[in-house]
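A, B, ... follow the sequence lines: proteins, then strands. Residue 1 opens every chain.
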Amino acid sequence: MSRKKTITTGETMIFDNKFVQQKMQKVQTLKELGINPYANHSDRNTTISKYLNVNADIHHKEDKRDEKRHYIVSGRIKLLRIMGKASFINIEDESGNLQIYVARDNLPEGFYNTIFKKHIEVGDIVEVGGYPFVTGKGELSLHADSLKLLTKAIAPLPEKFHGITDKEARYRQRYLDLIMNSEVRKTFQIRSRVISLTRRFFEDKGFLEVETPMMHPIAGGANAKPFVTHHNALGVDRYLRIAPELYLKRLIVGGFEAIFEINRNFRNEGMDATHNPEFTSIEFYWAYKTYKDLIAITKEYFEYLFDHLDLPTYLPYGDMEVNFNNFREIPLIKSLSEIGGIDESIVNDKEKILAFLKEKGIEVESSLTLGQLQGELFDEFVEEKLIDPTFITEYPVDISPLARRDDENPAITERFELFIAGREIANAFSELNDPIDQYERFKAQVEAKDAGDDEAHEMDEDFVNALSYGMAPTAGQGIGIDRLVMLLTNEHSIRDVLLFPAMKPLSSEHQNEDEE
RNA sequence: GUCUCGUUAGCUCAGCUGGUAGAGCACGUCACUUUUAAUGAUGUGGCCGAUGGUUCGAAUCCAUCACGGGACACCA
């Protein structure tokens, strides 16, 4: 939807809007009356939720009030019901919503008619003092004896009942979304708690949080297209990181044995319900451990999250129900028959897989290797069926370029991916620490890049150098925080767990196009 | 990137067999001291996303573009 209208910043300034002008006039009048429409102080002495808790006993009092108590609350006016000489307003702060009873005769002479009724409106932020009482309809409210304007809103709020539902407007103007849809705050409170708990969990386990560069001379650690920027002083291009992996492993070489980083990665790729150009992940690396230890710690991590988030371990996600008490573990090949329902005689035979895929109407390159074909089968027939948390292990080496080979079976790697609600949540493996093997794999990537694969790795000689000094056997894991939060909050678009998701600029914001 | 649906008042939406715009809320005015999407009366408000085309006439039909939602493809 193209929005050039006043509320959304576009071609016209918000001040051109007639409603805004009307309110600007009220600001002017207030100033003339000696009232500061942008006060710099509030005497608030409680929050709304505390007020409601502390005064819950009023319900049981004889006269349903206690004039000896006095509180001052602040918040934004969400509803306003004026009835002649008395009014009800609902104000909302971060903690909750409170009804205020405002009567003319309880306020200073003239205030109700000249100031309150004419110049204080829905959207304004006010401070109200008074005593608790319960209305005839049984709602614990506040009986006002003072009312002060703290901040005048000159932009009108969206409609009080439907609020703002237009997704574009909600994402572009998240502040308005948060004002109108207070339940949205809850998602971001959970997000914040998940990150905080994740940090605490790993710290308690003895992991050290580290910060590695966001601007890389070589974009490594994943296969993805990077964003490029330029460092003027050095006269060199830099890439926003696509993954922190290679730096974290350098630190393991250096002697840190348990480290993690929670931070943003940037990938210059398409956007959809599960992809945003910048996204948050945790990567952690653990020396002298294998992917099996990672399976154990991952289970513990989820247990910890559910304990502390106070979430039921039987969690709805869309029309699915995920049982977080039922962690399963199954090798990839085995999952093809046991979960995918594919005949066992097919899954280890390249020609039979090709025939099977063709029969199912799935087109693939016939040049794919057995391991790649097994990956295809998994994506097509297994992934979406993995509702309860499932560790898929023993990935074919062909589709696991960064993972260490299994010592006994060189066709598979010491790796797992964790799937929940049909979606990949974590990727982990025992790390490759043979510098020559690593060098060869980089070389193969460089060849692929020269052949046109612009997501292939570049050669990172310094990383090979680092491995040459010896990296202790190490297991490493990445967890996509955004997708984890989606899962825990039952959200189905990554935009709903990002406060400010990436959006295309509105037409008036186009810039630098002529310079291209 | 492909397909598909959408864009009309500040917000939520009607109007789409082509005849130059409608509701509710919001806003203005009036009434109202226990309402809660308060109520009643009354009034203001729109270059119908942009640009072209068809037509006597376009919000409505066609084309292109912009932005957004959903699905698919790729990826985390």
Where protein sits on nucleotides 27-33 of chain B, one letter per nucleotide: B base, S sugar-phosphate only, - none, heavy atoms under 4.0 Å: SSSS-BB
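- Between A:E278 and A:R264, at least one side-chain N (NZ, or NE/NH1/NH2) sits under 4.0 Å from a carboxylate O, which counts as a salt bridge.
- Among the nucleotides B:C13, B:G70, B:U34, the one closest to any side-chain atom of A:R65 is B:U34.
- Rounded to a whole Å, the CE atom of A:M24 is 17 Å from the P atom of B:G10.
- No engagement by A:G270 is indicated, since no non-hydrogen atom pair under 4.0 Å with the nucleic acid exists.
- Distance CG (A:D379) to P (B:C72): 14 Å, rounded to an integer number of Å.
- Across all strands shown, B:G43 is found opposite B:C27 as a Watson-Crick or G-U wobble partner, with both distances under 3.5 Å.
- Where A:E269 and A:G138 meet RNA chain B, the nucleotide closest to each residue was compared, and A:G138 sits on the side nearer the 5' end.
- Judged by atom type and distance alone, A:Q99 reaches the base of B:U35 through a side-chain donor-acceptor pair under 3.5 Å.
- Rounded to whole Å, the P atom of B:C5 lies 22 Å from the corresponding atom of B:A9.
- If you take atom P in B:U60 and the same atom in B:U8, they sit 13 Å apart, rounded to whole Å.
- Between A:I179 atom CD1 and B:G10 atom P there is a gap of 18 Å when expressed in whole angstrom units.
- By the 4.0 Å N-to-carboxylate-O rule, A:E67 lies too far from A:R69 to be salt-bridged with it.
- Scanning for salt bridge (charged side-chain N to carboxylate O under 4.0 Å, His left out) contacts around A:E209 gives A:R199, with sequence neighbours left out.
- Remark: A:K26 pairs with A:E121 by the salt bridge (charged side-chain N to carboxylate O under 4.0 Å, His left out) rule, at least two apart or across chains.
- With a cut-off of 3.5 Å on both pairing distances, B:A14 has no Watson-Crick or G-U wobble partner at all.
- Taking atom C1' in both B:A21 and B:U4, one finds a spacing of 29 Å when rounded to whole Å.
- Among the heavy atoms of the strands lying under 4.0 Å from A:F133 is at least one base atom, whether or not backbone atoms are also near.
- Nucleotide B:A9 has no partner under the Watson-Crick or G-U criteria, as no pair reaches both atom distances under 3.5 Å.
- For A:Y239, the side chain to side chain donor-acceptor pair (under 3.5 Å) test picks out no residue, with sequence neighbours left out.
- Comparing B:U64 with B:U2, their P atoms sit 12 Å apart, to the nearest whole Å.
- Whole-Å rounding puts the A:I494 CD1 to B:G69 C1' distance at 16 Å.
- Rounded to whole Å, the distance from CZ on A:R172 to C1' on B:C67 is 6 Å.
- Side-chain nitrogen and oxygen atoms of A:K504 include at least one within less than 4.0 Å of the OP1 or OP2 phosphate oxygen of B:C67.
- Rounded to a whole angstrom, the distance from the C1' atom of B:C48 to that of B:C16 is 11 Å.
- A:M180 comes within contact range of no nucleotide atom at all, as no heavy-atom separation falls under 4.0 Å.
- Residue A:K225 has no polar side-chain atom (N or O) positioned under 4.0 Å from OP1 or OP2 of B:C74.
- Taking the six-membered ring where tryptophan is involved, the planes of A:H457 and A:F442 are perpendicular, since the angle between them exceeds 60° and thus also 30°.
- Residues A:K249 and A:E431 are paired through a salt bridge, judged by an N-O separation under 4.0 Å between the basic side chain and the carboxylate.
- A salt bridge between A:R241 and A:E261 is present, with a side-chain N of the basic residue lying under 4.0 Å from a carboxylate O of the acidic one.
- Checking the phosphate oxygens (OP1, OP2) of B:A38, a side-chain nitrogen or oxygen of A:R81 falls inside 4.0 Å.
- In the set B:G10, B:C67, B:U12, the nucleotide with an atom closest to the side chain of A:E168 is B:C67.
- With a 3.5 Å ceiling on both atom-pair distances, the Watson-Crick or G-U wobble partner of B:A71 is B:U2.
- A 3.5 Å limit on both hydrogen-bonding distances identifies B:U64 as the Watson-Crick or G-U partner of B:A50.
- When heavy atoms are screened at a 4.0 angstrom cut-off, A:G478 is found touching no nucleic acid atom at all.
- What separates CG of A:D272 from C1' of B:U2 is a distance of 14 Å, to the nearest Å.
- B:A63 and B:A58 are spaced 14 Å apart, taking the C1' atom of each and rounding to whole Å.
- Spacing between atom CD1 of A:I89 and atom C1' of B:U34 amounts to 15 Å, rounded to whole angstrom units.
- The base of B:U35 sits within donor-acceptor range of the side chain of A:T135, with an N or O pair under 3.5 Å.
- Ring planes of A:F327 and A:F302: tilted class, angle from 30 to 60°.
- Separation of the C1' atoms belonging to B:G49 and B:A66 is 8 Å when rounded to the nearest angstrom.
- Checking the phosphate oxygens (OP1, OP2) of B:U34, no side-chain nitrogen or oxygen of A:K137 falls inside 4.0 Å.
- In this structure, the NZ atom of A:K160 is 17 Å from the C1' atom of B:C13, given to the nearest Å.
- A close approach under 4.0 Å does occur between a side-chain nitrogen or oxygen of A:R495 and OP1 or OP2 of B:G69.
- Remark: A:R423 pairs with no residue by the salt bridge (charged side-chain N to carboxylate O under 4.0 Å, His left out) rule, at least two apart or across chains.
- As rounded to the nearest Å, B:G18 and B:C61 have P atoms that lie 9 Å from one another.
- Of all nucleotides present, none satisfies the Watson-Crick or G-U wobble test against B:U35 with each distance under 3.5 Å.
- Between B:G10 and A:K18, a contact under 4.0 Å exists linking OP1 or OP2 to a side-chain N or O.
- Base contact: A:N276 has a heavy atom under 4.0 Å from a base atom.
- Applying the salt bridge (Lys or Arg N to Asp or Glu O under 4.0 Å) test to every pair with at least one member in residues 75-104 of chain A, sequence neighbours left out, gives these pairs: A:R44-A:D93, A:K78-A:E92.
- For B:C56, the paired base is B:G19 (Watson-Crick or G-U wobble, both distances below 3.5 Å).
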